[in-house]
Number of protein chains: 2
Amino acid sequence: MGTPSTPTVYDVAERAGVSIATVSRVYRNPDSVRATTRDKVLEAARALGYVPSGSARGLASRATGVLGLCFPDYSDPDAETEALAADADDDHAFMLYSDQIIRGMERASRRHGYALLIAASLKGGPESLVAKVAGRVDGFAVMAGTVPTDDLEVISRRLPVVMLAGPRGIDHLDHVEVANADGQRELTRHLIEDHGLRRLAFVSGPPNSPDAEARFHGYAEACRAAGLPVPAEPDVRTVMMTQAEGAQAAEELLARTGTVAGAGTHERPEAMVFANDQMAVGALHTLERSGVRVPQDVAVTGFDGIPLSRLVRPTLTTVRQPMRDMGERAVELLLRRIDATEPGHEEPQSVVLPVTLAYRQSCGCG
Amino acid sequence: MGTPSTPTVYDVAERAGVSIATVSRVYRNPDSVRATTRDKVLEAARALGYVPSGSARGLASRATGVLGLCFPDYSDPDAETEALAADADDDHAFMLYSDQIIRGMERASRRHGYALLIAASLKGGPESLVAKVAGRVDGFAVMAGTVPTDDLEVISRRLPVVMLAGPRGIDHLDHVEVANADGQRELTRHLIEDHGLRRLAFVSGPPNSPDAEARFHGYAEACRAAGLPVPAEPDVRTVMMTQAEGAQAAEELLARTGTVAGAGTHERPEAMVFANDQMAVGALHTLERSGVRVPQDVAVTGFDGIPLSRLVRPTLTTVRQPMRDMGERAVELLLRRIDATEPGHEEPQSVVLPVTLAYRQSCGCG
DNA sequence: CTGAAAGCGCTAACAA
DNA sequence: TTGTTAGCGCTTTCAG
């Protein structure tokens, strides 16, 4: 048992009768070594069970060949317990859009020879999970609201970072987002003009969710354009934008009209417009339980285009985000910075991806 | 411009007036440093924009805090072009089970303080993508058929590796799989006994796909148990188990009975049993085009329980795999090895996860 | 085409 | 509690 438990270039070099530099070359640029020599090295490596250390490589070459992605642990807690799917344990339907972004980034990364390091932000932990990722990649993307701005501030000074689906947050960062306002405006227009609805209600998330805010603005714009009263604030705001909250929001909305309990003061809205699909789905449940028909009695719409939106009944009218593309664009932006030999002070790029509308049953189409 | 572009422990140490060891401690074990000192260090780090190098850390501590996952780039090529979804560009439906496994592993990893490095195997590349991953993680999982056995042979000698959803492949590896045979047997029994079908046909994948083989065995067992002729071989075998091939297989099956073209010699099967959902979905298309009704004229079943199986019409009866769980179990197995201070020669573990049946429209249920 | 030598940035004993 | 001193395994000039 003379050899160390984990073989290194030295072991391989010795066994192959060459120098460590040659071993290194064989792995980095095979063609720069004579075939005979190369084979000797490869054979020795094989015999020894040699696997190049990524850490050592990274240290020496100042590049990891890895890109990172920080995303929210967006698994709707409700989904875990609430048995709304036909098959209770079937949670396929709940795969949210972060999966798509992961896929998109993974593919793009791989095409460019990079691997992808992913990490969801743990809700409770005051964790510096970012640091963990940041230290091991050549650049990374963060989905909005995943990383404390302070940390990003520091990190982005040393490493390319791109913001996803959020506000740029820190203004020297590249970022890719979707046309939130455009999509919501068009969807709202559809409700008003094509379906002739006039009493709409908008359910948003917290004020600090830029996506939700942008959507609300699109909504408000459509109202103005149609000559309807322009709301200054969403009718209801939720905190996490989950299904449970969506269900609650719908109840709240019904309560205000006296349909449920309490003395209603307004007429019931003809349409409930939600800032995301999850809430809309929750609302669908509430409405069904309350005997309010969708879309006959009230239209319901979401935003995102998660898989679940097509599985619920009625199917949910929503605005689809090109999440896969977001991942790909993020990688492109990252590589642009990484490849810039110049420490790079190019202008921060901002990519806005177009959305598409999915008119389905919940608004009276489909 | 005195400081280097990328600050290191030295820079931070100098600015904070301490030694590099102290800086290191602050990041690794904050409590081992006096609060005053710690704050000085943190402040200096912040000012400098210091981010610990994961590579250097990994090199020095011989641990990366990262787990890996190699999965097949299983995006069915057909899916990309074939516009079978209502919304052509909506590929939500095609998310396969690797996404679920990724999710499962990510969650479990994070719970244990690890990040996840993912990499799909590029079809064309004779790439040693494994090496890339292997060198940067403390252990990793590979989905069956993703990595050349030779490479695994070498790598697994130096690093914990767990096989997913496949045969162990290399017999000293841990692995987690699902009860393929059990599921297929029960599903087949259902077809025979509950629906009274007697002429069944099984469409499998290549002989070297252990999952497909196990399923075929389950199928054969059910036939034997029911007193039906026991097939020695599947009626049709495909290569990639894609939708296109499934469609083709269905045609083949119909052709043999003269329903399509050619002189049929057998009677048309009453049930087409596919080794996975993708093929079954492809078959559904063929049958529809051929005017063969499902399930009235012929029952169709799949295996896997991918999201798409619930979206097609008729909905597909299938066997659902607990993919999320697989990811979690994989992580557990990995950590067991990693934490084993003993270089570990414990017996290779083999976890078999139970499957559940989803009786839907394509077999006459639902 | 190959070798020698100097780090890359951090952790880990061991001292103090 | 904090500092000193060696490496960790590989890439990289620079020679030969």
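What you see is a predicted model; the values in this text were computed from it and never measured. Each chain gets a letter, A, B and so on, in the order its sequence line appears, and its residues count up from 1.
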So does G65(A) get a backbone contact from the side chain of D138(A), meaning a donor-acceptor N/O pair under 3.5 Å? yes
Tell me whether S209(A) contacts the main-chain N or O of P206(A) through its side chain, where contact means a donor paired with an acceptor under 3.5 Å. no
Please collect all salt bridge (charged side-chain N to carboxylate O under 4.0 Å, His left out) contacts where either partner lies in residues 25-34 of chain B, sequence neighbours excluded, each pair once. none
Side-chain donor/acceptor of R136(B) to backbone N/O of G54(A), under 3.5 Å: yes
Closest non-hydrogen atoms of A120(A) and R110(B), given as atom of the first, atom of the second and distance, are O-CD, 2.9 Å
Identify the 5'-most and 3'-most nucleotides of DNA chain D with at least one atom closer than 4.0 Å to a non-hydrogen atom of chain A. dG9(D) to dT12(D)
Could you run through nucleotides 3-16 of chain C and give me one letter per nucleotide, 5' to 3': B if any protein heavy atom sits under 4.0 Å from the base, S if only the sugar-phosphate is that close, - if neither? BB--BBBBBBB---
May I ask you to decide if T36(A)'s main-chain N or O and D39(A)'s side chain share a donor-acceptor pair within less than 3.5 Å? no
Are the side chain of R158(A) and the backbone N or O of L48(B) linked by a donor-acceptor pair below 3.5 Å? yes
